[in-house]
Amino acid sequence: AFCVFIMCGMLVMSLAAYELSKETRVPENGVMRTVDGDALVQVAQQRQGMPLGSLLYLTTPYHQQLEYLTVKVDEGRSELTFRVQEVTFSPAPEPVEGVKRPAA
């Protein structure tokens with residue numbers, strides 16, 4: 001009787017581990033859904049808006065985390081998104097008009 005009890009306990013623990021692993025596994029089609037299967041899992045990226053010239057005043061760790069750069073054009077009616085490969089800044093020979101240090 002004791003062995004049957006241990007075997008049932010191991011079966012229950014195995015089934016629990018299997019059910020809990022569904023939350024972190026991506027199916028073969030690559031589309032991850034919530035546990036109930038009704039909705040797609042969403043992943044968000046951090047976005048922060050600032051004037052383009054303000055990038056000059058950001059710290060190096062911030063530059064290293066920069067993956068995409070979205071620029072609004074056409075008076076804000078359109079956006080261009082660029083994937084950032086490398087960030088290097090060179091000092092301008094003279095101050096650029098309208099570029100200000102962002103508030104701390």
Side-chain angles (χ1 to χ4, degrees):
F2 181 72
C3 289
V4 172
F5 178 74
I6 295 293
M7 299 266 293
C8 288
M10 289 175 52
L11 177 64
V12 167
M13 300 243 322
S14 297
L15 289 173
Y18 173 74
E19 287 298 319
L20 291 173
S21 71
K22 287 182 178 180
E23 295 179 22
T24 58
R25 192 173 358 156
V26 179
E28 291 180 16
N29 64 4
V31 178
M32 185 179 263
R33 295 190 170 271
T34 56
V35 177
D36 58 9
D38 292 337
L40 294 175
V41 174
Q42 296 180 355
V43 179
Q45 290 183 331
Q46 181 180 358
R47 292 181 62 124
Q48 184 167 353
M50 66 182 66
L52 188 58
S54 296
L55 286 173
L56 295 170
Y57 298 106
L58 298 176
T59 61
T60 300
Y62 188 91
H63 290 154
Q64 292 172 345
Q65 296 175 7
L66 191 61
E67 292 182 32
Y68 294 95
L69 180 65
T70 301
V71 181
K72 292 186 178 185
V73 294
D74 198 21
E75 296 177 3
R77 293 182 294 216
S78 301
E79 290 183 347
L80 298 173
T81 300
F82 301 95
R83 180 152 170 58
V84 177
Q85 293 181 347
E86 183 180 346
V87 178
T88 55
F89 290 106
S90 301
E94 56 189 51
V96 178
E97 183 178 333
V99 176
K100 298 177 185 171
R101 183 178 294 273

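We number each residue from 1, following the sequence as shown. Hydrogens, waters and symmetry mates play no part in the numbers below; they use all other heavy atoms, side chains included.
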How would you list, by chain and number, every residue that makes a side chain to side chain donor-acceptor pair (under 3.5 Å) with Thr70, sequence neighbours excluded?
Thr81
Can you list everything that forms a side chain to side chain contact (heavy atoms under 4.5 Å, CB included) with Leu80? Sequence neighbours excluded, please.
Val73, Phe82
May I ask you to list the residues sharing a hydrophobic cluster with Met7, side-chain cutoff 4.5 Å, ordered by chain and number?
none
Run the side chain to side chain contact (heavy atoms under 4.5 Å, CB included) test against Ile6 and tell me which residues pass, sequence neighbours left out.
Phe2, Met10
Taken in chain and number order and not counting sequence neighbours, the residues that satisfy side chain to side chain donor-acceptor pair (under 3.5 Å) with Arg77 are Asp74
Hydrophobic cluster membership, with links at side-chain heavy-atom distances under 4.5 Å among I/L/V/M/F/W/Y: are Val71 and Val84 in one?
yes
